[in-house]
Every structure is written in C-alpha cells, then in structure tokens.
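Throughout, protein chains are lettered first and strands after them, A, B, ... in sequence-line order, and every chain is numbered starting at 1.
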Amino acid sequence: MRAGARGAARAGGASPFADVQEDKDRMCHLTMKLLPRTQELWLCLGMVMGVAIGFTFIYTFRTEQSTSAPVRRPHYYHSHPVEDNATAAELYNKVRILCWVMTGPSNLETKARHVQATWTRHCNVVLFMSSVRDDGFPTVGLDVKEGRDQLYWKTIRAFQYVHRHHLEQADWFLKADDDTFVVLDNLRWLLANHTPEEPVYFGKRFKPFVKQGYMSGGAGYVLSKEALRRFVEGFRTQVCTHTSPVEDLALGQCMEKVGVQAGDTRDTKGRETFHPFPPERHLMENLRLDHYYPTYSFYPILLGAQSCSDLSISFHYVRPEEMYMLEYLSRHLRPHGYRPRYQPALTAGNRTEPREG
Amino acid sequence: MISESSSFVKGMVLGGLFCVFVTLLGHNKMGHGTKAHHHEHHHIQAPNKEDVSNLSEGERMELSHSIRVYCIILVKPKDLGNWAAVKETWSKHCDKAEFYSSESVKVFDSVVLNTNDMWVMVRNAYKLAYERYKDEYNWFFLAHPTTFAVIENLKYFLLKKDPSQPFYIGHTVKSGELEYVDGDGGIVLSIESLKRLSKIFEDPDKCPEQGGLIWKLSEDKQLAVCLKYTGVLAENAEDSEGKDVFNTKSVGSLIKEAMANHPQQVVEGCCSDMAITFNGLAPNHMHVMMYGVYRLRAYGHNFKDALVFLPPAGSDND
C-alpha cells in the first residue's frame with residue numbers, strides 16, 4: 001500500500017514536499033524493517049510476563065494448600081482414667097510432710113527456682129530458707145549470714161522457725177538442699193510404717209563420729225514431729241548447742257543426745273533409698289573403691305542396679321536440668337503395660353481414718 | 001498498536017502454558033499425582049485409651065504377645081561402648097534383637113555385613129532380616145547404638161495398627177518433596193513394608209545399591225525414596241497431645257530446650273509420657289535411662305493399661 005504512495009511520490013518529481021515525503025518513506029521503510037522485531041519483542045515480553053505470573057500463581061496456590069492443610073489434628077479423648085491415684089492421694093493426706101529447702105539469695109534463680117518447679121510441688125507445705133526474706137520467691141529470712149560455716153546455724157534457726165509457725169501443719173519435717181532431688185511419694189511410703197510420735201529421723205545413714213550414726217545433709221533427712229520437738233527443746237535447754245558448723249554431723253550428735261533414733265531407710269530388698277550422689281554415680285561407679293564412701297556408708301555398699309531402690313527417695317548434687325529429668329522419669333515417662341519386678345505392699349502401720357487439721 | 005498488544009497477550013498465554021506444563025511435569029516425576037492426598041505432612045497417632053478397656057487380663061496378654069518386634073541395631077567397631085550399653089539395657093525388651101556390624105568384632109556376636117557404607121548396611125540388614133524372620137515377627141525396628149528405646153511404648157503405639165498394611169513410622173523430616181524418617185530417632189516398618197522393600201531392592205534403577213554416583217543421599221533419605229516407589233510413605237508418630245514419640249535428641253537436650261523456650265512448663269512441655277525413643281546417649285546415660293524408665297517411680301500411682309508386659313528373664317536392671 002505504501003509502495004504505491006512512494007511510487008506516486010517519486011513520480012511527483014519536483015514537488016516542495018518531495019524531500020519530506022522521501023524521509024517519510026525512508027522512515028516507513030525502516031519502521032517496516034523494525035516492525036516484525038517489535039512484534040517479536042512484545043511476544044517475548046509477553047512470554048516472560050506469562051511465565052512470571054504463572055509461577056507466582058502456582059507457588060502461592062501450593063503454599064496456601066500446605067498452610068491450609070491441618071498440621072496437627074489433636075484427638076480429644078473423653079477422660080477415661082487409666083491412672084488410679086487413690087493410694088498416692090491417701091498417703092498425701094495421712095503422711096503430711098513439710099519440706100524446707102536450704103538456699104540463699106545467690107542461688108534463688110540458679111537452683112532454688114528449679115526445685116520449686118519440680119519436686120517441692122508434692123510437699124504438703126514447702127518453705128525456702130534463706131538469710132534474706134524475699135516475698136516474691138517466696139523465701140523465709142532467717143537471722144543468719146550466708147556461708148558454709150553458717151550451715152548449722154541456718155539449720156537450727158530453720159527448725160526453730162518451722163516449730164514456731166508450722167508445727168500443726170505436718171507430721172514429718174524434711175530438710176533438703178537446693179541441689180537435692182526428692183520423690184515425696186516414696187518418702188510417704190517409707191514413713192507410713194511409722195508414727196509422728198516416735199522419736200525417729202531418717203536419711204542416708206553415715207557411720208563415723210556418732211555411735212548410732214548420723215544422716216547426710218545433702219541427701220536430705222526427715223524428722224518426726226516428736227524428733228523436731230526434742231531438737232528444739234534441746235536447744236532451749238542447752239542440752240544441744242552449736243558444736244560445729246558441719247550441719248549434718250552436729251545435728252546427728254544432738255539427735256543422739258536427745259534420744260532420737262537414727263532409722264534404717266533401706267527397702268525390703270536391702271537397697272538404699274536416700275542417696276548422697278546423683279543416680280549415675282551410684283549405678284555406674286564401684287563406690288566400694290571410693291576414698292571416703294566406704295568409711296561413711298553405714299550399711300554394706302551394693303553395686304550396679306542394686307545400689308538404688310526402685311522406690312528411691314533422694315539424690316544429691318543434682319543439677320537443674322537433671323531435676324526436670326528426674327521429675328519426668330519418675331512421674332511421667334513410663335513403659336506402658338510393664339509390670340515392675342519390685343512391687344512392695346504398703347505394709348502394716350497405716351491407719352485408714354483421715355487426720356485432723 | 002493493536003498488533004503489538006495482541007502479540008503481548010499471545011506471549012503471556014504462551015508463557016503461562018509453559019509454566020503449567022513444567023509444573024505438571026515436575027509433579028508426575030515425583031509420583032505426587034498418584035496420591036489424592038493434599039496433606040503435606042503425614043501424622044499417625046497413638047491408640048485411644050478407651051480402645052481396649054473391656055478386655056480381660058488373659059485377652060490383654062494375648063494381644064500383647066501378638067505384637068512381635070524384631071530389633072536391628074547397626075553397629076561399627078568404634079561404637080563398642082554404646083553397643084555394650086544397648087546390649088545390657090533396652091534391647092533386652094525386644095522380642096529379638098540383633099546387632100548388624102560393619103565388620104566382625106571379637107567381643108560380641110553380630111551379623112557381619114562386611115561394608116562400611118551406611119546405606120549398604122541398611123539395605124543388607126533389612127534384606128537379611130526379611131529373609132530370616134518374615135514369618136516370626138510383624139514389626140521391624142531399626143536403630144543406631146546411640147538410641148535408647150522403650151519397646152513397651154512402641155508396642156503400645158502399634159496396638160491397633162495392622163502389620164499387613166504398609167507402615168513406615170518414626171520422627172519424620174521433610175526435604176523438598178520427600179518426607180523421610182530420621183534414622184536417629186529409630187525406624188519402624190511393618191512386615192508389609194519390609195516385604196515391599198525387599199522387592200524393590202531387586203530394582204537397581206529405582207533402588208540402587210550404591211546410591212547415586214554424583215549426588216549421594218543419606219541412607220535414611222534413600223530408604224524413603226525406595227519405599228516411596230512401592231507406595232509406602234513416612235508418617236510422624238505422635239501421642240494424643242500431638243507430642244512426638246520418636247525423638248532424635250536426648251532427654252537432657254530436650255529439657256534444656258524446654259528450659260529456654262517455656263521455663264514455666266518444662267516437664268509438661270518437653271516430652272511425651274509414652275515416648276518411644278531418645279537419641280544421642282552415652283553408655284552411662286543409657287543405664288540411667290534404664291533405671292529411670294523401668295525402675296524409678298513414685299509410689300501409689302497405679303495404671304490400668306491396655307497391654308501387659310512382664311520383665312525379661314535373666315535381667316536385674318529393669
């Protein structure tokens with residue numbers, strides 16, 4: 001079509017618009033050359049856009065699919081109880097235990113907090129004893145200073161405090177450190193065989209220095225109500241005094257003086273329940289070869305699996321992570337359906353009528 | 001102008017079609033189109049507590065005996081400490097446990113595989129296990145010597161699952177399109193899955209013996225690929241609260257994470273009451289776990305479980 005116009009223009013000869021027309025013609029010619037390229041260009045651009053949009057669409061669609069698909073569909077079961085807590089609940093009411101934990105301001109967040117989050121939840125009453133009162137934690141502020149040499153003072157003041165303010169709230173009084181782990185239900189099983197009127201105290205029994213032996217402080221020890229009365233009375237009458245800063249030994253000497261019996265806490269198969277070390281040391285080491293342990297251990301040392309009762313009550317030098325782990329292992333994780341080898345009965349001595357107060 | 005925009009539109013259409021074509025091609029290659037499932041991640045749950053509450057004691061024991069677990073533990077001489085610990089602890093609770101070793105070791109009996117390559121070890125162990133025990137066991141559990149397993153909880157988990165169906169269970173991980181069971185947490189196959197696996201072992205294209213030459217997959221991924229060709233997909237095992245029961249980490253590690261992430265609910269949030277495996281344990285830790293799982297407990301809490309398991313003979317640490 002244009003060719004015709006060009007042709008006409010050329011045929012026009014010496015018209016005043018001839019140059020312009022020629023330029024125009026040249027431009028058209030050029031444009032014609034470019035035109036297919038332009039069309040190709042637009043085609044290419046279109047394809048790129050198409051691919052880009054397409055992939056974006058598909059990607060979004062797939063992501064939506066995966067996020068809309070339910071990741072977790074919890075099944076809500078009717079609570080059909082598989083667990084029967086009756087015995088534990090009964091013991092909780094019959095064998096009331098007040099736990100006091102020896103701690104200090106610098107240990108509150110690093111150690112005491114984890115004790116508070118785990119085993120002390122199962123005490124009937126729990127008190128954290130410190131040199132400083134802290135209503136937030138909460139801790140009791142005793143009239144003592146911090147330090148290893150103050151441990152017996154702290155113990156004396158703590159028991160006096162408990163005697164003054166909490167005597168009627170419990171039958172048994174447990175002392176533990178902030179790195180002691182205790183299984184309260186197993187302690188109740190042990191104590192169910194005794195009465196709080198007996199002058200007796202229990203723990204990991206050590207043999208030197210005291211004729212009847214004394215209980216390791218770190219492994220935790222528990223006094224009957226009568227034992228607590230005699231301890232406090234002993235200090236009131238000065239029969240007992242602050243003889244040394246070694247808390248467990250000094251207390252053991254006082255106990256002997258006031259006629260409180262050191263009890264045997266081994267289970268019915270002779271295995272220890274209170275432990276001065278974490279489980280790994282007792283289970284894996286031959287503690288008969290240890291420097292001090294044979295000198296201290298009141299009873300013959302059993303090795304391997306026999307070193308720890310199924311119904312162990314305490315372990316010492318337990319780090320925070322291990323507190324949670326022992327809580328999980330003793331109260332949560334279990335082999336479903338498994339009948340344990342050791343299944344002792346709750347032997348004679350337990351009453352059926354509920355306590356008052 | 002019109003012709004240009006029409007070219008543009010034509011281009012877009014072509015581009016879009018190209019996209020769709022490529023995507024479909026990709027899907028078909030991975031066999032994704034074979035399953036109508038849009039669920040990206042597969043979960044499988046523990047049985048309902050009410051499921052077996054009306055059975056008598058005898059029926060419970062019978063049911064318990066019907067779930068027969070064969071344990072394969074893959075070991076190498078360097079694992080001797082853990083090998084001993086596994087032998088002395090949890091493996092005693094398998095109906096049968098055997099150690100498949102890369103090479104012969106004087107101290108312990110083992111099934112010698114004569115290879116150091118993990119994938120070849122896995123292949124050959126499964127092959128041998130199927131050949132020898134296909135009529136005697138219905139579930140096959142594969143583990144590493146750093147893993148601690150509670151077989152009773154595994155059996156409890158498998159309670160209502162039919163072993164003649166293809167099951168491939170554990171702690172799953174997604175890698176692109178592939179969902180596979182992480183070997184660190186232990187791998188559970190039903191007899192049906194093992195049967196299919198044995199068949200696909202004979203196909204060197206789909207399930208090569210030596211893995212890829214250029215790009216070698218880890219043995220747990222390779223296993224998933226082979227199983228996928230037979231129509232068996234990995235499923236992540238969870239309890240009724242959605243917690244994983246197969247763990248690729250130790251209790252200690254999980255506790256530490258819980259202490260950092262939810263310090264108010266460490267034990268509650270950490271791990272399942274019916275956990276089946278933990279991994280990354282040193283030999284001493286295995287013994288502590290054995291004591292903590294089978295022996296240490298709080299007095300006065302009694303349970304009426306669906307199954308009944310008695311302690312194994314000749315053992316004192318459980």
Could you go through B:Asp318 and A:Arg341, starting from their C-alpha distance and side-chain angles, then the distance that decides it, and tell me whether this counts as salt bridge (charged side-chain N to carboxylate O under 4.0 Å, His left out)?
CA-CA 7 Å; B:Asp318 51 21; A:Arg341 287 180 202 278; 2.7 Å; yes
So A:Leu333 and B:Asn153, side-chain contact (heavy atoms from CB on, under 4.5 Å) or not? Walk me through it.
CA-CA 10 Å; A:Leu333 178 62; B:Asn153 287 347; 4.0 Å; yes
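Side-chain contact check for A:Tyr338 versus B:Val150: every heavy-atom pair is 4.5 Å or farther apart. For the pair B:Met289 and A:Leu329, the minimum side-chain heavy-atom distance is below 4.5 Å.
Looking at B:Leu310, both its backbone and its side chain come within 4.5 Å of chain A, counting heavy atoms on both sides. If you measure heavy-atom distances from B:Ser315 to chain A, the contacts under 4.5 Å come from both the backbone and the side chain. Only the side chain of A:His114 has a heavy atom closer than 4.5 Å to any heavy atom of chain B. Within the 4.5 angstrom heavy-atom criterion, atoms from both the backbone and the side chain of B:Lys10 approach chain A. If you measure heavy-atom distances from A:Arg331 to chain B, the contacts under 4.5 Å come from the side chain alone. When heavy atoms are compared at a cutoff of 4.5 Å, B:Asp239 does not approach chain A at all. In this structure, the portions of A:Met325 lying under 4.5 Å from any heavy atom of chain B include both its backbone and its side chain. Contacts between A:Leu45 and chain B at a heavy-atom distance below 4.5 Å involve backbone atoms as well as side-chain atoms. Looking at B:Gln265, neither its backbone nor its side chain comes within 4.5 Å of chain A, counting heavy atoms on both sides.
In this structure, CD in A:Glu327 is found 12.0 Å from SG in B:Cys270, a value given to the nearest 0.5 Å. Atoms CG and CZ, from B:Asn284 and A:Arg281 in turn, are 11.5 Å apart once rounded to the nearest 0.5 Å. Note: A:Tyr328 OH to B:Cys271 SG = 4.5 Å, rounded to the nearest 0.5 Å.
Here the closest non-hydrogen pair linking A:Ala88 and B:His301 is CB-NE2, 3.6 Å. The shortest non-hydrogen separation linking A:Asp185 to B:Tyr299 is CB-O, 3.4 Å. Heavy atoms only, all atoms of each residue included: B:Asp316 and A:Gln306 are closest at OD2-NE2, 3.4 Å.
At distances below 3.5 Å, at least one donor-acceptor pair connects side-chain atoms of A:Asn186 with backbone N or O atoms of B:Arg297.
Between chain A and the residues B:Pro283, B:Ser272, B:Gly252, B:Ser64, the most heavy-atom pairs under 4.5 angstrom are made by B:Ser272. Note on B:Arg295, B:Glu152, B:Met12: by heavy-atom pairs under 4.5 Å with chain A, the leading option is B:Arg295. Chain B forms more heavy-atom pairs under 4.5 Å with one residue of A:Ala89, A:Gly304, A:Ser309, A:Ala86 than with any other, namely A:Ser309.
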